[in-house]
Amino acid sequence: MVGQLVVISGPDQGRVFSLAEAQTLNIGRGLNTDTKLRDAHVSRLHCQVQEEDGKVILRDAGSSTGTKVNNKTANKVELKPGDVIQVGSTQIRFQIEGEPFDTTVVSDVASPQKPGPAPSEQLAELVGQMLGHFEILSVIAKGQSGTIFQAKDTKKDQIVAFKVLWPEFAQDDESMARFVRAMSTMLPVKHPNLVAILGAGRTGDFCWMAMEYVEGESLTQVIKRIGVAGMLDWRYALRVGIHVGRALEYAHGQHIIHRNITPANILYRPTDKIVKLGDLMLAKALEGNKAQEITRPGTILGDVPYMSPERTRVGLDVDGRSDIYSLGATMYALLTGRPPYDAKSLPELIAKIRKDEPEKPKKYQLSIPDLLEGTVLRMLSKRPEDRYQTAADMQVDLDRVAKFQGVQF
C-alpha cells in the first residue's frame with residue numbers, strides 16, 4: 001500500500017480508502033467511483049488520486065465546485081503526507097500508514113476501557129484510565145476548557161500532553177462539529193514555536209486532543225516565581241516575544257488567529273531555551289453558546305488581564321492585531337511581574353483595559369531598553385490601528401531590539 005485517504009469531516013467521516021501502487025482512486029459521489037461519498041456538494045466524479053512512479057498525484061476531474069488541497073485550489077498537485085483535500089464540504093487527509101502523519105480527527109471511537117460519565121470537576125479521576133489508545137498518567141494543569149494530562153500514546157510508545165475537554169462539550173453536536181473542523185485545520189500546521197497537535201477526537205463522553213509534550217513550564221509558573229524571587233531579566237521577555245512572534249507570523253500567514261494568548265498558553269523549554277505557543281485554534285473551536293455555558297466559574301478571570309480591548313466587547317470581530325496585544329500583555333507581565341492592569345472586580349478590570357494607559361515597564365525595571373519598552377507599549381495600544389498591523393511588522397522591531405543589544409534568539 002502506498003498510502004491511505006482518511007475522511008476527517010463530512011457525512012462519511014471516519015471512512016478510509018487505501019491506495020496501492022499504480023492504482024487510481026476515483027473520488028466522488030457517483031456509483032462508479034471508489035468512494036461513493038454521501039456529500040451532496042461533491043460531483044459524481046470530483047477528482048482522481050493516482051500513484052505514478054513513486055509519487056501520489058491528485059487531479060481535479062472537472063468538478064462543479066473545484067478541488068482544494070490545504071485550502072488552495074488544485075487542478076493537479078503532488079500530495080504529501082498530511083495534505084488535506086477538500087471536495088464539497090468533505091475533507092480527506094492523505095497519509096502514510098505508520099508514519100507521523102498517521103493521526104486523524106476521529107469521532108465516537110469505541111474505547112475498550114471507556115470510563116462512564118463523570119462530573120466535570122472529576123476529570124482528574126481519569127488518571128490511570130485509557131481514552132482510545134492513550135494511557136492517562138498524571139494531571140499537568142487545569143484550564144478554562146478542561147484538564148491537561150501527561151499521557152502515553154500506546155501505539156507509538158511516546159509521551160504526549162493530552163487535553164480533555166469538559167464532558168458537556170461532547171454532548172452538543174454543533175460544538176463537536178466546530179471542534180472537528182478546527183482540529184482538522186490544525187493537524188498539518190507545523191512550526192518550531194508552535195506546540196504540535198498530534199491527533200484529536202472523541203471517545204465516549206470526552207473530546208480530547210493529543211499534543212507534543214514540552215518538557216518545561218508555562219509562563220504562568222514563571223510569572224508567579226517572579227513575584228517571589230524578584231524581577232526577571234528583560235532578555236527573557238524579549239526571547240518570548242521573538243519566538244511567539246515567529247509563531248504568530250506563520251499562523252497568521254495560514255489565516256489562523258489564536259484569539260487567546262495568555263501566559264498559560266506559552267511554554268518555555270529550558271534545555272534548548274525554546275518558547276512554544278499552544279492551544280492554537282482551540283479558542284475558535286470553543287466558540288458558541290454551549291462553550292460559554294460550560295466555562296468553569298472563576299477560570300475566565302485568569303484570561304481577562306491579557307485580553308485586547310476589542311475582545312472585551314461582545315460581537316466584535318478580532319483579527320491578528322488582537323493576538324499582538326495579548327502577546328504584548330504577556331511580555332509586560334514578564335518584564336514587571338504583573339499584567340498591565342489589575343482590579344478588584346471584573347467590571348473595573350474591563351474598564352481599565354478599555355480606557356487606561358498602562359504604567360511604563362521601566363517603572364518596575366530600569367534596565368529595560370527604551371526600544372523594547374516602546375515596542376511593548378505599541379503592542380498594547382488601545383486601538384488596533386495604532387498597533388503593529390501584522391506580526392511581521394512587530395517582528396522587525398523585536399529583531400531590531402535584539403540586534404542593538406547584541407543578543408540572538
* Taking atom CD of Glu385 as the centre, report whether more than 12 heavy atoms of other residues, nucleotides or ligands fall under 6.0 Å from it. => yes

* Structure fact -> Exactly one candidate in Lys68, Gln91, Lys72 meets side chain to side chain donor-acceptor pair (under 3.5 Å) with Gln86; the answer is Gln91

* Asked: Within the side chain of Lys382, is there an N or O that forms a donor-acceptor pair under 3.5 Å with the backbone of Ile353?
  -> yes

* **Pair Asp34-Ile27, side chain to side chain contact (heavy atoms under 4.5 Å, CB included): steps then yes or no** => CA-CA 6 Å; Asp34 299 294; Ile27 298 175; over 6 Å; no

* Asked: More than 12 non-hydrogen atoms from neighbouring residues, nucleotides or ligands closer than 6.0 Å to CG on Asp272, yes or no?
  -> yes

* **Residue pair Pro340 / Pro305: nearest heavy atoms and the distance that separates them** => CD-O, 4.1 Å

* Would you call Asp83 and Lys80 a salt bridge, taking side-chain N to carboxylate O under 4.0 Å as the test? -> no

* Taking Arg93 for its side chain and Val7 for its backbone only, find out whether a donor-acceptor pair lies under 3.5 Å. => no

* With the side chain counted from C-beta on, respond yes when Pro358 and Tyr332 share a heavy-atom pair under 4.5 Å apart, and no when they do not. => yes

* For the residue pair Cys47 and Thr67, what are the closest heavy atoms and their distance? -> CB-OG1, 3.7 Å

* To do: Mind checking side-chain hydrogen bond (donor to acceptor under 3.5 Å, both in side chains) for Asp356 and listing every partner two or more places apart, or none if nothing turns up?
  => none

* Asked: Got Val275 and Tyr236 here, is their nearest side-chain heavy-atom distance under 4.5 Å?
  -> no

* Which atom names give the shortest non-hydrogen contact between Ala247 and Asn193, and what distance separates them? -> CB-O, 3.5 Å

Which side-chain N or O atoms in residues 367-380 pair as donor and acceptor under 3.5 Å with protein atoms at least two apart or in another chain?
{"unit_1": "Ser367", "atom_1": "OG", "unit_2": "Gln365", "atom_2": "OE1", "d": "3.2"}
{"unit_1": "Asp370", "atom_1": "OD1", "unit_2": "Lys362", "atom_2": "NZ", "d": "2.6"}
{"unit_1": "Glu373", "atom_1": "OE2", "unit_2": "Lys362", "atom_2": "N", "d": "2.9"}
{"unit_1": "Thr375", "atom_1": "OG1", "unit_2": "Leu371", "atom_2": "O", "d": "2.8"}

* Structure fact -> The complete set of side chain to side chain donor-acceptor pair (under 3.5 Å) pairs with one or both residues in residues 246-257, sequence neighbours excluded, reads His252-Asp323

* Reported CG-to-CG distance for the pair Leu267 and Leu219, which is rounded to 0.5 angstrom -> 7.5 Å

* Asked: Nearest heavy-atom pair of Leu37 and Arg29: which atoms, and what distance?
  -> O-CB, 2.9 Å

* Asked: Without hydrogens or angle criteria, can the side chains of Asn26 and Gln48 be said to hold a donor-acceptor pair below 3.5 Å?
  -> yes

* To do: Identify the heavy atoms of Leu126 and Ile136 that sit nearest to each other, and give their distance.
  => O-CB, 3.6 Å

* Do Gln95 and Gln4 pass the side-chain hydrogen bond (donor to acceptor under 3.5 Å, both in side chains) test, and can you show the C-alpha distance, the side-chain angles, and the key distance before you say yes or no? -> CA-CA 6 Å; Gln95 61 187 41; Gln4 53 187 197; 2.9 Å; yes

* Asked: For Phe409, does its backbone N or O pair with a side-chain atom of Lys273 as donor and acceptor, under 3.5 Å?
  -> no

* Looking at Met394 and Leu327, what are the two nearest heavy atoms and their distance? -> CE-CD2, 3.9 Å

* Asked: If you measure from the Lys or Arg side-chain nitrogens to the Asp or Glu carboxylate oxygens, is any gap between Lys152 and Asp157 under 4.0 Å?
  -> yes

* Under a 4.5 Å cut-off applied to non-hydrogen side-chain atoms, are Glu215 and Thr271 in contact? -> no

* Glu348 vs Lys352, salt bridge (Lys or Arg N to Asp or Glu O under 4.0 Å): CA-CA, chis, key distance, verdict -> CA-CA 6 Å; Glu348 181 186 357; Lys352 286 185 175 183; 3.8 Å; yes

* Structure fact -> So CD1 of Ile242 and CE of Met331: to nearest 0.5 Å the spacing works out to 8.0 Å

* Do Phe134 and Phe162 have ring centroids that are under 6.0 Å from one another? -> yes

